[in-house]
Structures are given as C-alpha cells and as structure tokens.
There are 2 protein chains.
Amino acid sequence: MTRAGANLTLTTSRALVLDFVRSAGPISRVELATLTGLTPATMTNVMRQLLTDGLVVEVGRDLSTGGKPRVLLDINPTARFAVGIQLGADSLTYVVTNLGGAIVGRLRTRGAEDSPPVAVISRMAGRAKQLIEDLGIDGQAVIGVGLAAPGSMDLDKGVLLAPPTLGQWSEYPLRDELEAAIGLPVLLDNDGTTSAVGEFWGGDVPDASTMCAVYLGAGIGAGILIGGTVFRGASSNVGELGQMWMTAPHSGAAPDTLERVAGPAGVAAAVRRALDAGAESSLELGGTDPIADFTLIATAALLGDPVAVAAITHSAQDLAEAVLIAANLFDLDFVVLAGPSVAIAGSMYVEIVQKRLDEGFFAKRRHGIEVRLSTHATDAAAVGAAALVLQHQLAPRSFGS
Amino acid sequence: MTRAGANLTLTTSRALVLDFVRSAGPISRVELATLTGLTPATMTNVMRQLLTDGLVVEVGRDLSTGGKPRVLLDINPTARFAVGIQLGADSLTYVVTNLGGAIVGRLRTRGAEDSPPVAVISRMAGRAKQLIEDLGIDGQAVIGVGLAAPGSMDLDKGVLLAPPTLGQWSEYPLRDELEAAIGLPVLLDNDGTTSAVGEFWGGDVPDASTMCAVYLGAGIGAGILIGGTVFRGASSNVGELGQMWMTAPHSGAAPDTLERVAGPAGVAAAVRRALDAGAESSLELGGTDPIADFTLIATAALLGDPVAVAAITHSAQDLAEAVLIAANLFDLDFVVLAGPSVAIAGSMYVEIVQKRLDEGFFAKRRHGIEVRLSTHATDAAAVGAAALVLQHQLAPRSFGS
DNA sequence: CTCGCTTAATAAAGTGCCCAAAGAAAGCCG
DNA sequence: CGGCTTTCTTTGGGCACTTTATTAAGCGAG
C-alpha cells in the first residue's frame, strides 16, 4: 500500500511520449513537446532512448514551414509483440499483436470445457509458443502474455473466483502456472477490461475520453478506461453490468438480471417461446447450444425475420437501459460494444444504444456520447489482453493508491 | 489538455505527507517514511517545510523501542480555515471548518428561492465574511470558499446548467461573481462530490477505499472518490443515481426515476396515497411542503408508525437497488449516506442498504462493503465544500489527463 | 554513573531528470 | 552564397530525492 513518492517520472516521460506517438500517428518532436508539456530539449533525450530501443522510428519529414522541416516519428510496429489469450469454456482464442496493437497472428481452438486446468495450461503454452514460431517472430521481441477471462477474479493472486462456466478453475493459480509454463510474464484481467484497453491502444479513441467497453459474450461485463487508464475500483471487479436487475420494461417479464434477459441464452429462450406460441418466422433453432442459436437469430435479424428482429431489438433495448445507467454514473463520453454477441448484428445494437443515450443521457447538455462497435468484435478480449501487456510494460499508467 | 511531465512531484511530496498526517493522526517521521515510500532524509526536509508553514506541529513523543523515541507529529487544525457554502432553493448553509475538516462555525439562512442571483451572491459574501469575523478568525488563515450545488454544472465555467429548483441561475457566472464579491478563491462542485470529499477529509475513511457518497436532498446525487481522489468522468457530471429508472419492484408502481420515487416528494406522495386509502396512522401531513412532510414521516417512522415505516422502508429499498448497481459498476467498498433526508431516519436507510449489499454485491467474495451515515448529515455538502478547498489547495490530487 | 547498544533524526555528497539558453543543422529566399 | 527561419541538440544549472555518514536521544548492564 506504499505509494511511490519518487522516481515516478523516470519511466513516465518515456511512457507519455510513446503513448502520444502511438495515438497521434506520425508526429514530429515539436508537436510532441507541446502535447506532452515537455521542452524540446527533453524531447530530444527521451526520443533518443525510444529510438535506440527501437520502439520508435523516423518515418520521413514534414513539409517545411520556412525553416528546417520536422522529422516525423512513428511507432515501430514490429519492434515488440505481445500474446493475448482469451480463456472461455467453449473456445480459446490466441492472438499475437505487434506494438501498434494490430493482429499479426490468430488461432482459435476448442475451449477449456471439462479438461483439468493443468492440461489446459500446458496446451495454452504450447499453442502460444507454436503460434509465435509459425509467425517467424523472434522470441526476444515478445514481451508477455495477456490472459482475458470472464467473471470475478483476484488479480493479486492471479486466480479466478467461482467462474460460472469454468468451475474447476476457481482459485486455481492460473496466472502463475501459465507464467511458469510459457516462460513469459503473464497478466490476467477481466474480458471487459481487456477489450477496453485493446480499443484504446489499437483504435482511435480520444486520449482524454471516459470510455466503457461492454463485452457481450456468454455473460455481459464491462471495462472502464479514464483517459486511457484502467479504472479498477476496490478489487478490479468493476463494470458488472450483467448483474444488474432488469424489469425489462417492454417485455412485461419478471425481473431478472441483464445477463440472463439480454444475453445469448435469454434471446434464444425468448425466440423459442415466440416460436412455440406460433409466431411467423423462418427460424429453426437447434435448441442444444444457445450460442449457436443466438448466431442463427442474429443472422436472421439482419435478413429481416420479424421474430429475430424483435428478439434482438429487445436484447439491445435492455442493454441500452443498462448502458444508460452506467453512462450517467460514470459520465461517459464513449461506449464500445465488443464480443461475439455483437459480431453479427452489432449494428442493430449500436443504433439502439446510441438512440437511447441521445434521449436519456444526463450530461447531454455538456457533451455528446458516442457508441461504436469494437474494431475486433469477437477477438476484442484477446486482442485487448495483448494490448494490456503492451500498455503495462511500455506505457504504464495508474491512479489511486 | 497538456499534461505536466515535470515538477509534478514538487508539490506532491508535501501533499502526500500532509495527507498521511491528516488521516493517520499523530504519527512519527519514521512511520510516514515507510507509508509514503520516501526516505527518512527526504522526510526530514518535507516535514521541515510543513512545520515552518505551521500546517503540522510536534505533539509529543512515542515510547522508545530501544533507541531514541519517535517524535509525533499532527495536523495543526487552527493553521488554516475554509468556508463551505451549500446553495439550495430552500436554504443556504454556511460552514467554516479548520484544517482538520472540523466545523468551527455554522449558519443557516433562507434559500436562494426567487431572489435575483446578484442579490444572493452579495448576501452570501456578506454572511460568509461576517461569520469569519464573528469567529475571530484571522482573514489570512482562510484559504478559500467551497460552493456546493445540486444538479448539472460546468465546472470549467463555474456555472450551473438548468438546475430544476434554481431556474434563474442557469448559466449565471456563479463562481466568478462570488469570487469577485468575497475576494477569495471559490471552488464550485456538485453536492454529492463535496459530501464525499468532506467525509474523506474529516472522517476516518481508509485512504485506499473506493467510496461513494450519496447525497439525499430534494434530488439524489452521488460523488465518487477513488483513493481520496474525486472521480470526474468526462465532465464532472458523475454519479447521477437520481436519474436511474426504477420499476420499484415491491410497489408495483409504474416506472419512474429514483429521485421521484424515493426522494422526499415521492415518499410524501406515497404516504398521502396511503392515508387517502384509509390506512391506520397517526400522521397528519401539511401537504404544501414535501420536505416538511418528509421530516414528519421520518420522525413518525422512528416512532414506529406503520404507514411511515412502510414509506421509509420502500424509499430505502429503492435507494438500495440503485446503490447496489453503483457498487457493482464501481466495485465500491464504502458507501456514505448524507444529506437532510437521512438526518432523521438515516439508521433505517443504512440498515436496509447494507443488507441489500451484503446479499447482492458481486465482489462480496473479494471484500466487504460498508455503509455508513455521514458524520455531518444535513451539513455534509457544505462541510465537504470546505474540505474540497482544503484538499485542492493543500493536498491536490488528480488522475487522468 | 557511565559505557555500549539501539533507534531517530539530520547533514553532506551524489544521482538523475528536467529546463533554459545557446549553438548546430537543415531547409527556404533573395 | 549568405541571411533568415525553424528544428534539433548540446551544455550548464537547479531541484528533488537517494545514499552514506554523523549526531542526538534514550535504554540497560555492570
């Protein structure tokens, strides 16, 4: 609980500059100096370090404005790489990203399901190392592994706590075991949080924004970023949108949590009820796997099937209510929707959530609030996990104690 | 939007140490050094400044642990003072606090009502100066004025935006006018936020906590503090609990916002409906002023009147649902209830909210969450406004950009 | 009571980051 | 080609903090 009173700036100037280079594309030293508030002299020194480390490269020169033209600098994307792994019961997603947060390699395998953790861990380590090798990446350039998981967790210990779909993993020393198996630093975090970081690091999110990334998978979680810094609350179990009790204003149904009402299983169940009641629809659900059913429904919704459209619309409206509440509590100005559930009919979700916020957002007299689809949709959590590693190692940020 | 890359630590070490002295009571240099992470040598230097400024004083010595006994240091409460003013339509509360955040003077007058802002401003300046003089406080020791107001505001400009009960004040240059009239720096902020800061500065809130102060006045707003730092979101319009749409699970009523359902007016209306329906009760409501009615109801509830108990219970249950949502989104570990509405029946509110959180809080496996009544109840916002000035001037904190 | 031991606090010297100002480099323009 | 503008780098100094060394203040054994 001790706070670093000293040499906080040591790493921070580098981090600050690197972050601006990353986000502001090719940029000159002069501009960086004014943006960061550092003097040109300091800029020279900091930049020299970044250049010798290979993190930044000169990429050309600007037009002259009457004197010596500015040298443009940009991130050297291939200087470092990070691995992102998303752990799920139904699937494991592996991603390798470069320094810019762009995907350079990708792999999806069957999930953790009922396999014992030990086996899954060694499988993960093997697959990740294989992927790096296949891509022809120098192992030295890989700085770490990010691991995204759903539900509640203890980040200090690096363990999951009673994950609903990964029962065996509760309290299992996930992070430490993977670290040992793979020989790289491992960072565990929530899928909502990693999605948010991924969007910030890779996308064009304004640096000063207060953003929320909603991850819609089997569950519904959210990560919050304040000016690019992860908001962690008391124990990093932040953004539990899915646990919110809804009374589904339009459906008239009994109160239930957002996750159960608006998640894939809830949508599938609603459609099944409608079909059983004889609704007109071309849909035929398998009935065994709610995720597969949801995919069918989302696709049908895009094609205009009325039952599917109604189900997706209701799901999005429920989500919109929850997001509105979060927006009013956090005073957000940016919302990103991510995860497999918005991979197909994401545009419908975005439109409905945006509309609700435009109507009901409390601070709308002060500023707008933009809703956007994640640039990585299904892979958002894995890509974000990799970005989390990049941010943590190269541009560490924190606030609070 | 430039970030200070440099001399951020200059003021910060002093601030850090002062903050620990304030919160950890009489404490030695050695302990401070380990708490802050500074070396004993630095501690000596920082402390020398604080001592010469008079902010801290030596108050004795600890028992020896085998060597030279530690010198104990503590805040010098009378070194500085701050003024806190709460602006309301129905009342104006003035408070003067010392450096420790304790009230040393207090005054309540009629509210802003329909008076033109210019008149109210000059009245405020006059009353505040009079209060300082009456207390025999040296004007030099007063470092500023904090101003708490309800609703949406633009802190950069120092104006209120469309306040429901203070129509004339919308866009009026409140902060600047008061600053000019009173000749002291003025800090404007939301009543929820100031309440939170007041509780943190004056009370014994753990330094690392993620806390939320819910201010229950005519409206319902909340301020959020992360490790003692105000969480501001995109535009400081954070914590809008009152705008949350409720469906009042137990009441069966139509959806309405928390503010209207669970606020004083909502409670008064509910009781009136019950009485009209012939419920058994000793209550007699005036009917003109919902605040006065609410006070009667809260008092009756404490005495066991069934209609009053039911109304207050419902109000608290609605509030509890909203607080639970906020707790799950922010991963809180501390909730403070403040404001006139909890001045009387606060214990009932605390109990019901605490119970709901114990049941439904998502991260309860990780850590507890404590609900507490504000130490200042009705005056919380004004006391907090003064504390905000103290914190801002003496121990500035911030995160984000 | 005094000498040795322990812990607290201060002093002095050194390190590292940043800034300010002056100088060097690189292009425009007559 | 030399003045001019703008960019970038070098140099010297300041400041906060650290490390190392010294002084201060109490305890306890003989």
Side-chain angles (χ1 to χ4, degrees), chain A residues 2-21 24 26-53 56-74 395-396, chain B residues 2-21 24 26-53 56-74 395-396:
Chain A
T2 64
R3 292 195 239 180
N7 68 352
L8 218 152
T9 35
L10 192 150
T11 162
T12 286
S13 258
R14 274 180 57 121
L16 190 65
V17 173
L18 184 63
D19 201 59
F20 272 106
V21 174
I27 186 171
S28 67
R29 287 182 179 78
V30 201
E31 291 169 280
L32 283 170
T34 58
L35 278 173
T36 57
L38 300 170
T39 59
T42 306
M43 204 59 234
T44 292
N45 292 320
V46 172
M47 189 53 76
R48 190 185 355 254
Q49 294 176 44
L50 293 174
L51 287 168
T52 54
D53 284 1
V56 173
V57 284
E58 303 194 341
V59 295
R61 39 191 52 196
D62 216 340
L63 292 176
S64 167
T65 57
K68 174 174 174 176
R70 305 172 174 183
V71 175
L72 293 178
L73 303 139
D74 206 349
Chain B
T2 64
R3 293 194 238 179
N7 67 353
L8 217 152
T9 34
L10 191 149
T11 162
T12 285
S13 258
R14 275 180 55 121
L16 190 65
V17 173
L18 183 63
D19 200 60
F20 272 106
V21 173
I27 187 171
S28 67
R29 287 181 180 80
V30 197
E31 291 170 281
L32 283 169
T34 58
L35 279 173
T36 58
L38 301 170
T39 58
T42 305
M43 205 57 236
T44 292
N45 291 320
V46 172
M47 189 52 76
R48 185 177 8 247
Q49 293 176 45
L50 293 174
L51 287 169
T52 54
D53 285 0
V56 173
V57 284
E58 302 194 342
V59 294
R61 39 192 51 198
D62 215 341
L63 292 176
S64 166
T65 57
K68 173 174 173 176
R70 305 171 174 184
V71 175
L72 293 178
L73 303 139
D74 207 350

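Letters go in sequence order (proteins before strands), and every chain restarts at 1. From a predicted model like this one, the values you see are computed outputs, not experimental measurements.
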inquiry  = Which nucleotide wins on minimum distance to the side chain of A/Val46, given the candidates C/dA9, D/dC8, C/dC18?
reply    = C/dC18
inquiry  = Looking at B/Arg48, I'd like to know whether one of its side-chain N or O atoms comes within less than 4.0 Å of OP1 or OP2 on C/dA11.
reply    = yes
request  = Nearest-nucleotide wise, let me know which of A/Asn45 and B/Leu72 is further upstream toward the 5' end of DNA chain C.
outcome  = B/Leu72
message = Determine whether A/Phe20 and A/Ile27 satisfy the following criterion, side chain to side chain contact (heavy atoms under 4.5 Å, CB included), listing intermediate values before the conclusion.
response = CA-CA 9 Å; A/Phe20 272 106; A/Ile27 186 171; 5.5 Å; no
message = Using side-chain heavy atoms (C-beta onward) and a distance below 4.5 Å, is A/Asn45 in contact with A/Arg48?
response = yes
Interatomic distance, B/Met47 CE vs C/dA9 P [rounded to whole Å] = 10 Å
request  = Would you please name every residue forming a salt bridge (Lys or Arg N to Asp or Glu O under 4.0 Å) with A/Asp62, sequence neighbours left out?
outcome  = none
query = How long is the span from the CG atom in B/Leu32 to the CG atom in B/Leu16, to the nearest 0.5 Å?
reply = 9.0 Å
request  = Going 5' to 3' through nucleotides 20-30 of chain C, assign each nucleotide B (protein heavy atom under 4.0 Å from a base atom), S (under 4.0 Å only from sugar-phosphate atoms) or - (no protein heavy atom that close).
outcome  = BB---BBB---
request  = Using atom CZ of B/Arg29 as one end and atom P of D/dA25 as the other, report the distance to the nearest whole Å.
outcome  = 12 Å
query = Roughly how many Å is it from CG in A/Leu16 to P in C/dC17, rounded to a whole number?
reply = 15 Å
query = By salt bridge (Lys or Arg N to Asp or Glu O under 4.0 Å), which residues pair with B/Glu58, not counting sequence neighbours?
reply = B/Arg29
task = In whole angstrom, give the distance that lies between atom CZ of B/Arg14 and atom P of D/dC17.
result = 12 Å
query = Pick the nucleotide of DNA chain D nearest each of A/Val71 and B/Pro40; which residue has the one closer to the 5' end?
reply = A/Val71
query = Which value, rounded to the nearest 0.5 Å, describes the distance between A/Ser13 atom OG and A/Met43 atom CE?
reply = 8.5 Å
ask   = Separation of B/Asp62 atom CG from C/dT6 atom C1', in whole Å?
value = 15 Å
note = B/Glu31 atom CD is separated from C/dA9 atom C1', nearest whole Å, by 15 Å
request  = Look at the side-chain N and O atoms of A/Ser13 and state whether any lies under 4.0 Å from the OP1 or OP2 oxygen of C/dC18.
outcome  = yes
ask   = What integer distance in Å separates B/Leu73:CG from C/dA8:P?
value = 13 Å
message = Measure CG/B/Leu38 against C1'/C/dA9 and give the value in whole Å, please.
response = 15 Å
request  = Grab the two heavy atoms, one from A/Asp74 and one from A/Val59, that are nearest each other, plus how far apart they are.
outcome  = CB-CG1, 3.8 Å
